[in-house]
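Below, all heavy atoms of this structure are taken into account, side chains as well, without hydrogens, waters or symmetry copies.
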Amino acid sequence: MKRNILFLMAALATTAISAQNIQYPKAEKVGTTDTYFGTTVADPYRWLENDTSAQTAAWVAAENAVTNAYLAKIPFRQKLQKRLTELANYEKIGAPRKRHGKWYFYKNDGLQNQYVMYVMDALGGTPRVFLDPNTLSDDGTVALGGVHFSHNGRWAAYSISRSGSDWQEFYVIDLKTGQLTSDHILWAKFSGAAWQGDGFYYSAYDAPEQGKEFSNVNETHKIYYHRVGTPQSEDVLFYQNPVYPKRFYGVETNEEETMMFLYESGEGSGNNLYVRDLRQPNSQFIQMTTDMDYQYSPIYSEGNTIYLYTNYGAPKARIMKADIRHPGIADWQELIPEQSNVLSGISVINRQFILTYQQDVFDHAYVYGLDGRLRHEVKLPSVGSVGFIGDEKEPECFYSFTSFTQPGTIYRYDIDRNESTLYSSPTIKFRQEDFVSEQVFFLSKDGTRIPMSLTYKKGLKRNGKNPVFLYGYGGFNISLGPGFSAMRIPFLENGGIYAQVNLRGGSEYGEEWHIAGTKMQKQNVFDDFIGAAEWLIREGYTSNEKIAIVGGSNGGLLVGACMTQRPDLFRVAVPQVGVMDMLRYHKFTIGWNWAPDYGTSEDSKEMFEYLLGYSPLHNLKPGTSYPATLVTTADHDDRVVPAHSFKFAATLQECHQGANPVLIRIDTKAGHGGGKPLDKVIEEQADIYGFIMYNLGMKMK
């Protein structure tokens, strides 16, 4: 192994800078193979799955040196980072929310690495700092997660994550004194804090093996009860189900602490739901549902009545009503039936429902009574995305609104009068009125009508020469709505088009749209994305020499699959923290949870062959000229482990033939993306946009 490390470092020392003659670090090839249903598949870079080995560390250092040297030579790289920093430097304020007589909100003064949480005694009062995660580390890599107030108004539990990991730590604040207590909880994951009395329930795993914290499979999710003022070692194990180690479990309690709900998920696209009547001594959970292919979520409770969201029997979702004394789904009553558009958001404010429906991706909001009757449509500022904030029993209501050209803006909303007034509007150093968005539709390979949003500078000509940043996701029932990003402004200012495609696999048109992009229909997602590029070329917006494709996580898989299927169609590819090895993804951390969307190589011969047919890692072909590629990942990504990107990059560099650079950027003290400090975000975006713009032949004006 020492010989291999020395060889890698020697290769690093002789690396050339020229894109036409990059000498990539040589990665050792081993004879590892796996056999699936009689088919043997080689995995020569299996050793890169060991993210803590010295050999992997040397390869990472060598790759980063090559990548950094290339990026540093981009003529406008520093100018771009300066412009991105200028654009990011504006005050960002979140909507206030009332909790136990006080008002809380998040704010970033401009270039703070993490948002700060403030508290006011009254709306419009003098804010004071409640939680500042910027003080928890020197480099901003500790991020604040959820903040959960006890129902009695005495405590607040909050979670943090370090270096972008999914692992959570919980702390508790005494709201009377504003001081931290001695409480500290480790190894929680995918957890909230469900308060009951002076303690709360949380979900966690056993402490992982040292050195394997970010790669080993997570199994047997457990629920514990923690009483404030006691050490974690005294926490009571409340629930576990070792019969199904690869499932998630969590509980929540209602405001009155009369009901407790247990969620079970991880097998299927939805969850099972259980309820417990806390008013009855020694009550047990009663199972409400039995099918994890659908989503079931309580949204409000009052007396014996439970109001629930579900897409069971309604692919575009509906609201049901249940009685805790007869909670089985057979006894549920429909309150607000399925509509023609997808129900995508629900808030209960002042004992009223505010429901958000997506119509061709754009949000429309309506106010309903608890009786299920429509009262009125909310008058939104324009076409875009909206999110409401308020308390179940308080009249004050706010909403945030954004679009592709409008930064997140906060409005105060009078529910009864149906009137919105501006509360907070950011000021960014760009000319918003110079840009425009339009929605277009095109037909995919099988004739399915696909929506796509285009944002660009006014006066754009369809001359086939416009640079395009083509972005998509297409999976896990996640919808891509309109949203603003300051990071994309320099690309737009210099003549680029931002194209966001709403692919199958998401939730834009309900569960049927989602299912159409899963398992042995996953190719539909790639066909939709390829179809978007072909339509843009056909309609004269651009050419294949001017298209960059970008996506993260499942979107990284999308980019990897499309660049291997159609390397001729794209000039640049940026797969970010992508799922690249479709045969082994389920063997790391919580990858098993993606099986309802992907299927696994162990399911059947047919499923194995289908996955092998599009797996980005396994479809790189020697002697092929691939697009200019910048793979991105991070050392603390325990959602999609970096081994996916490591093995893909090593194989790509081995197979690629041509002048295009094929590089990997490996961030440190960072994870899947959540909680990343702003300075790291700006640096990463300068590298990504610099790489894209340079390889599309763009210049910074």
Side-chain angles (χ1 to χ4, degrees), residues 32-36 41 43 45-53 56 161-169 185-191 202-224 237 239-250 263-269 271 292 475-476 519 553-554 556-557 577-604 607-608 611 615-618 633-648 671-674:
T32 306
T33 62
D34 294 302
T35 301
Y36 303 88
V41 180
D43 193 3
Y45 300 118
R46 177 74 61 84
W47 58 272
L48 284 168
E49 292 181 359
N50 186 350
D51 57 336
T52 60
S53 74
T56 299
S161 64
R162 300 183 187 275
S163 301
S165 169
D166 281 336
W167 290 114
Q168 299 167 266
E169 298 175 37
I185 292 169
L186 296 168
W187 305 120
K189 206 171 208 184
F190 309 120
S191 177
Y202 66 93
S203 302
Y205 290 102
D206 292 339
E209 178 186 345
Q210 190 171 1
K212 299 294 183 182
E213 295 90 343
F214 308 112
S215 58
N216 271 9
V217 170
N218 299 142
E219 293 185 318
T220 314
H221 214 202
K222 299 176 180 179
I223 302 173
Y224 293 90
L237 178 60
Y239 186 88
Q240 66 172 327
N241 190 353
V243 175
Y244 297 106
K246 293 180 179 178
R247 289 185 183 178
F248 298 119
Y249 293 94
Y263 293 86
E264 178 184 40
S265 62
E267 186 175 302
S269 298
N271 62 281
M292 278 193 278
F476 298 99
K519 292 187 176 177
S553 194
N554 174 73
L557 161 63
V577 293
V579 186
M580 301 306 210
D581 183 347
M582 296 308 297
L583 302 186
R584 288 177 56 78
Y585 75 84
H586 56 294
K587 296 182 179 294
F588 304 98
T589 60
I590 50 89
W592 45 262
N593 182 49
W594 312 330
D597 250 48
Y598 296 151
T600 76
S601 56
E602 299 169 0
D603 289 347
S604 66
M607 192 73 252
F608 154 69
L611 290 168
S615 176
L617 174 64
H618 300 94
T633 188
D635 61 351
H636 280 66
D637 190 346
D638 48 1
R639 187 85 56 85
V640 180
V641 295
H644 284 278
S645 296
F646 291 176
K647 294 199 297 183
F648 181 78
H672 200 57

Exercise. With a 4.0 Å cut-off, would you call Asp34 and Arg46 a salt bridge?
Worked result: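 The answer is yes: the pair qualifies as a salt bridge.
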
Exercise. Would Arg584 and Glu49 pass as an ion pair if we require N to O under 4.0 Å?
Worked result: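 Yes, charged N to carboxylate O under 4.0 Å.
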
For this session: Test side chain to side chain donor-acceptor pair (under 3.5 Å) on His644 and Thr633 and set out the steps.
Result: CA-CA 9 Å; His644 284 278; Thr633 188; over 6 Å; no

Does [X] reach the side chain of [Y], with side-chain heavy atoms less than 4.5 Å apart?
| X | Y | result |
| --- | --- | --- |
| Pro616 | Leu557 | yes |
| Asp635 | Asp51 | no |
| Tyr202 | Tyr224 | yes |
| Lys647 | Asp43 | yes |

For this session: Give the C-alpha distance, both sets of side-chain angles, the deciding distance and a yes or no for side chain to side chain donor-acceptor pair (under 3.5 Å) between Asp638 and Ser165.
Result: CA-CA 6 Å; Asp638 48 1; Ser165 169; 2.6 Å; yes

Check [X] against [Y] and note the closest heavy-atom contact, atom names and distance.
| X | Y | answer |
| --- | --- | --- |
| Val579 | Trp594 | CG2-CZ3, 4.1 Å |
| Gly578 | Ser645 | N-OG, 4.1 Å |
| Val217 | Lys587 | CG2-O, 3.0 Å |
| Phe608 | Ser601 | CB-O, 3.6 Å |
| Glu213 | Trp167 | O-NE1, 2.9 Å |
| Tyr585 | Met582 | CD2-O, 3.3 Å |

For this session: Before giving the answer on side chain to side chain contact (heavy atoms under 4.5 Å, CB included), spell out for Ile590 and Arg639 the whole-Å C-alpha distance, their side-chain angles and the decisive distance to 0.1 Å.
Result: CA-CA 7 Å; Ile590 50 89; Arg639 187 85 56 85; 3.9 Å; yes

For this session: For the pair Asp206 and Lys222, evaluate side chain to side chain contact (heavy atoms under 4.5 Å, CB included) and give the outcome as yes or no after the intermediate values.
Result: CA-CA 8 Å; Asp206 292 339; Lys222 299 176 180 179; 3.0 Å; yes

Gap separating the [atom1] atom of [X] from the [atom2] atom of [Y], nearest 0.5 angstrom:
| X | Y | atom1 | atom2 | answer |
| --- | --- | --- | --- | --- |
| Tyr45 | Thr56 | OH | OG1 | 13.0 Å |
| Asp166 | Ser161 | CG | OG | 8.0 Å |
| Glu267 | Asn593 | CD | CG | 10.5 Å |
| Gln240 | Thr220 | CD | OG1 | 7.0 Å |

For this session: Please identify each residue that fulfils salt bridge (Lys or Arg N to Asp or Glu O under 4.0 Å) with Glu264, with sequence neighbours left out.
Result: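 Glu264 satisfies salt bridge (Lys or Arg N to Asp or Glu O under 4.0 Å) with Arg247 only.
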
For this session: Measure centre to centre between the rings of Phe476 and Tyr598, then say whether the value is under 6.0 Å.
Result: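 Ring centroids of Phe476 and Tyr598 are less than 6.0 Å from each other.
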
Exercise. So Tyr249 and Tyr239, would you call those rings parallel, tilted or perpendicular, with 30° and 60° as cut-offs?
Worked result: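 It falls in the tilted class, 30° to 60°.
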
Exercise. Side chain of Asn50, backbone of Trp47: donor and acceptor closer than 3.5 Å?
Worked result: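 Looks like no, no N/O pair under 3.5 Å.
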
For this session: Give a yes or no on whether the backbone of Ser203 and the side-chain of Ser191 come within a donor-acceptor separation of less than 3.5 Å.
Result: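 Checking the backbone N and O of Ser203 against the side chain of Ser191, a donor-acceptor pair under 3.5 Å is found.
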
Exercise. Pick one: which of Val577, Asn216, Thr589, Asp581 meets side-chain contact (heavy atoms from CB on, under 4.5 Å) with Val641?
Worked result: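 That would be Thr589; it is the only one of Val577, Asn216, Thr589, Asp581 passing the side-chain contact (heavy atoms from CB on, under 4.5 Å) with Val641.
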
Problem set entry | Audit row: Arg162, His636, side chain to side chain contact (heavy atoms under 4.5 Å, CB included) steps and yes/no | CA-CA 9 Å; Arg162 300 183 187 275; His636 280 66; over 6 Å; no

Problem set entry | Flag if over 12 foreign heavy atoms under 6.0 Å of OH, Tyr263 |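 Buried by this count: over 12 neighbours within 6.0 Å.
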
